[in-house]
Amino acid sequence: MENKPMIEHAMTMLKENGFKYTKKREAIITYLVKRNRYLPAKEIHEFMSQEYPGLSYDTIYRNLHDFSEIGILEETELNGEMKFRYNCCAELDDHHHHHFICTVCGKTKELNICPMDFFQQQIPGCTIESHRFEILGRCEDCQ
């Protein structure tokens with residue numbers, strides 16, 4: 001299973017941040033790693049409910065938010081709804097890139113250029129401490 005190192009890394013990050021290992025948390029992360037796109041909490045809840053009937057939406061959402069806070073997941077808002085994906089940079093701290101995100105299916109594509117050099121030139125004397133850059137549109141499958 002090629003995704004196993006990513007899942008193991010995420011579980012280690014959870015432990016390092018004071019979260020206990022549970023099969024449910026591992027299942028959420030595994031699902032996100034395998035899907036490899038932005039997903040709404042509702043879809044993750046529907047998937048998890050098949051294996052864990054009675055698991056509340058609030059529990060799923062709280063875990064997704066916690067995972068995002070510690071850097072396991074990325075989150076974005078698409079069409080007025082929060083969506084989550086496994087952070088493709090979670091194990092690669094120096095791999096800086098941005099994403100094209102399909103507004104229909106949530107599929108992402110890496111953009112290996114960063115526009116921040118241009119913006120830094122526009123604000124001399126200022127220091128950019130952080131940024132996030134996303135291009136939104138429709139992928140080739142959703143045209």
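Since this is a predicted model, take the numbers as computed values, not measurements.
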For N36, what residues pass the side chain to side chain contact (heavy atoms under 4.5 Å, CB included) criterion, not counting sequence neighbours?
R85
Do you know which two heavy atoms are closest between R138 and C142, and how far apart they sit?
NH1-O, 3.3 Å
Minimum heavy-atom separation for C139 to C102, with atom names?
N-SG, 3.3 Å
Heavy-atom closest contact (A27 atom, Y52 atom, distance):
CB-CE1, 4.4 Å
Residues in side chain to side chain contact (heavy atoms under 4.5 Å, CB included) contact with S56, at least two apart in sequence or another chain
D58, T59
With sequence neighbours left out, the residues meeting side chain to side chain contact (heavy atoms under 4.5 Å, CB included) with E43 are Y31, R35, R37, L39, P40
For S68, check side chain to side chain donor-acceptor pair (under 3.5 Å) against everything at least two apart and list the hits.
E75
Inter-residue atom distance F118.CZ - Q120.CD, 0.5 Å rounding:
12.0 Å
For the NE2 atom of H9 and the OG1 atom of T12, what is their distance to the nearest 0.5 Å?
7.5 Å
Is any side-chain heavy atom of L14 closer than 4.5 Å to one of I29?
yes
Test ring-ring contact (aromatic ring centres under 6.0 Å, His included) applied to Y57 - qualifying residues, sequence neighbours left out:
H45
Are K83 and E81 side-chain neighbours, meaning at least one heavy-atom pair lies under 4.5 Å?
yes
Members besides L136 in its Ile/Leu/Val/Met/Phe/Trp/Tyr cluster (side-chain heavy atoms under 4.5 Å)
Y38, L78, I101
Applying side chain to side chain donor-acceptor pair (under 3.5 Å) to Y21 and not counting sequence neighbours gives E26
Give, for atom CD1 of I28 and atom CD1 of I44, the distance between the pair rounded to the nearest 0.5 Å.
7.5 Å
Please identify each residue that fulfils side chain to side chain contact (heavy atoms under 4.5 Å, CB included) with E140, with sequence neighbours left out.
K107, K109
Examine distances only and state if a side-chain atom of N17 and a backbone atom of I70 form a donor-acceptor pair shorter than 3.5 Å.
no
Can you tell me how far apart CE (M13) and CG (N87) are? Round to the nearest 0.5 Å.
7.5 Å
Does Y61 have any ring-ring contact (aromatic ring centres under 6.0 Å, His included) partners at least two apart in sequence or in another chain, and if so, which?
F84
Give every residue pair that meets the salt bridge (charged side-chain N to carboxylate O under 4.0 Å, His left out) criterion with at least one member in residues 9-25, sequence neighbours excluded.
none
Is any side-chain heavy atom of I72 closer than 4.5 Å to a side-chain heavy atom of L32?
no
For I60 and A41, which heavy atoms make the closest approach, and how far apart are they?
CG2-O, 4.1 Å
